[in-house]
Enquirer: 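Structure incoming, see below.
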Amino acid sequence: MPSRSEVTYFSPGPAALPTEVVEAAAQALVNYKSTGIGLAEHSHRSALANDVLHVTKTRFRTLLDIPDDYEVLFMQGGGSGEFSAVVYNLVGVWVERRRRRLEREITTKNPEAAKDDVDAKVLEHLQGLVRSELKVDYIVTGSWSLKASQEAARLIGSEHVNVAVDARKAGDGKFIEIPDEETWQLTPSKKDGGTGAAYVYYCDNETVDGVEFPSSPKCLEQKNGGGDVGEEEDDERIVVADMSSNMLSRQVDVRKYSVIFAAAQKNVGCTGLTLVIVRKSLLPPATAAPSADLMRRLGLPVAPVILDYGVIAKNNSLYNTLSIFDVWVAGEVMGLLLASHGDKKVSGAEEVATAKANLLYDALEKHPDVYQIVPSKRVRSRMNLCFRVAHGDPDVEKQWLAGAEERGLLGLKGHRSVGGIRISNYNPIPLEGAQKLALYIEDFVSNEHKATAL
Ligand code: PMP
């Protein structure tokens with residue numbers, strides 16, 4: 001049985017954690033800060049738990065330079081929970097902003113109108129708007145954004161979901177490309193004679209397919225929280241990004257987004273925690289969630305309370321029992337990043353991640369006859385490196401994986417839906433681990449015996 005130090009674990013998630021964090025976590029589970037009680041046993045409402053929340057939130061804000069007009073939420077339900085939460089919350093914002101505007105317009109025209117009459121008129125108008133204008137845009141560049149778009153269609157109906165891009169069309173049925181922005185069929189904004197989408201959604205790094213946006217999409221950029229697409233607040237372009245598998249691996253200009261989320265179990269911590277960054281203008285008191293009654297009358301889904309961003313924000317992420325242990329692990333990982341990279345913060349982690357990815361891609365590229373990198377070069381991921389060995393010959397790939405395992409290089413099997421090999425190069429993978437793997441990539445080719453098998 002190997003020890004921790006003898007293996008490098010390239011799993012896509014749950015993924016390797018820094019050993020010092022795991023060791024400290026083992027101690028914290030038994031007796032946290034000499035209280036005689038483990039961290040998973042302490043009340044989530046204790047002062048000690050509050051301190052954990054505060055420390056993790058502060059470190060997260062520092063690492064990513066999260067502006068004050070953004071809230072950080074600790075949620076549960078993972079990335080998939082956010083596929084649903086995004087729909088509930090942002091369709092709610094779309095409804096509420098239009099409800100407010102209609103109410104204003106109707107009462108301005110007729111200040112004497114009774115509240116019931118105003119409400120009835122607002123409802124009638126809104127029902128028409130939902131039918132004629134409600135659209136959510138999805139940029140589908142891989143398996144996870146596809147799933148997110150399917151969840152949106154399940155919740156609000158496919159007639160409201162505009163798949164602005166399906167990258168498979170540019171990739172011969174596979175997710176290997178990000179089509180040029182000029183080809184994206186976004187719902188036209190008011191400025192362009194349309195009505196605009198309730199939000200635009202994309203996945204920054206597609207974990208299964210190894211496709212990563214080289215930088216944030218230019219055509220979605222907004223200045224300081226909207227207002228650039230039209231004059232009214234409800235013309236604002238709301239951009240959502242799933243950063244589950246590249247969070248904390250590169251600098252992000254949070255201001256370009258309305259919502260960013262990440263399941264923690266890859267680059268941030270362990271399973272059970274989901275990080276959400278949301279612009280405060282989308283939350284109460286700036287934007288209240290529409291009433292459940294109104295949503296029902298509009299035929300739209302009502303958010304389960306634990307997925308309601310406003311409720312989670314109001315309760316400092318403690319509406320219900322949150323795993324403080326998971327929040328603490330994330331905080332420790334963030335603390336280590338701050339300690340290792342100092343003022344560079346997350347761009348320090350970015351430099352290391354890019355160096356490791358380059359090392360590995362270089363090793364693969366030297367032998368194109370043996371290794372075939374799946375995504376096109378422009379969009380290949382620094383976090384999940386997907387490739388085939390011997391054009392996907394199952395026996396050779398099995399042999400490759402077995403040889404890697406013999407050297408303590410684990411977790412390299414590609415996702416079951418696409419096969420092949422996937423190297424997940426998250427922050428805790430040490431440079432020496434990447435070097436060992438690069439060496440194996442070379443050795444596999446030069447090994448006479450194995451080469452003849454190719
Ligand atoms: N988004 C991305 C990019 C992912 O990689 C994953 C999970 N691997 C998810 C969403 C779904 O996350 P979860 O399993 O936590 O629901």
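One-based numbering, in listed order, for ligands and for the atoms of each. For the single chain, residues carry numbers from 1 onward in sequence order.
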Enquirer: Just let me know how E82 lines up against ligand 1, side chain, backbone, both or neither, with a heavy-atom cut-off below 4.0 Å.
Expert: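 Looking at E82 and ligand 1, no heavy atom falls under 4.0 Å.
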Enquirer: Consider every N or O of T207 and every N or O of ligand 1, then say whether any pair is closer than 3.5 Å.
Expert: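 Yes; the residue has a nitrogen or oxygen that sits under 3.5 Å from a nitrogen or oxygen of the ligand.
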Enquirer: Measure the distances from the heavy atoms of M243 to every atom of ligand 1 and state whether one is below 4.0 angstrom.
Expert: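 No, M243 has no heavy atom closer than 4.0 Å to ligand 1.
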Enquirer: Applying a heavy-atom cut-off of 4.0 Å, say which part of N205 lies close to ligand 1: side chain, backbone, both or neither.
Expert: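 It is the backbone that touches ligand 1; the side chain stays farther off.
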Enquirer: State which residue, out of E365, E206, E212, fulfils the salt bridge (Lys or Arg N to Asp or Glu O under 4.0 Å) condition with R380.
Expert: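 Single salt bridge (Lys or Arg N to Asp or Glu O under 4.0 Å) partner of R380 among E365, E206, E212: E365.
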Enquirer: Do N89 and Y199 have a side chain donor and acceptor closer than 3.5 Å?
Expert: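 No donor-acceptor contact under 3.5 Å links the two side chains.
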Enquirer: List for me each residue that meets ring pair (Phe, Tyr, Trp, His ring centres under 6.0 Å) alongside F387, sequence neighbours excluded, and say none if there are none.
Expert: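 With neighbours one apart ignored, the set is Y371, W400.
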Enquirer: Check this for me - ligand 1, G79, N or O atoms closer than 3.5 angstrom, yes or no?
Expert: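 Indeed, backbone or side chain, G79 has an N or O that close.
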Enquirer: Without hydrogens or angle criteria, can the side chains of S376 and E177 be said to hold a donor-acceptor pair below 3.5 Å?
Expert: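 Yes, because at least one side-chain N or O of S376 sits under 3.5 Å from a partner of the opposite role on E177.
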Enquirer: What protein heavy atom sits nearest atom 7 (C) of ligand 1, and how far off is it?
Expert: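 Checked against all protein heavy atoms, atom 7 (C) of ligand 1 sits closest to W144 CZ2, 3.4 Å.
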Enquirer: Taking heavy atoms and a distance under 4.0 Å, where does P12 meet ligand 1: side chain, backbone, both or neither?
Expert: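 Under 4.0 Å from ligand 1, P12 contributes no heavy atoms.
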Enquirer: Under a 4.0 angstrom heavy-atom cut-off, which atoms of ligand 1 come close to F83?
Expert: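 Near F83, the atoms of ligand 1 are 10 (C).
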Enquirer: Is S80 touching ligand 1 with its side chain, its backbone, both, or neither, if touching means heavy atoms under 4.0 Å apart?
Expert: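 Answer for S80: both.
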Enquirer: Heavy-atom contacts under 4.0 Å between K266 and ligand 1: side chain, backbone, both, or neither?
Expert: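 Side chain only.
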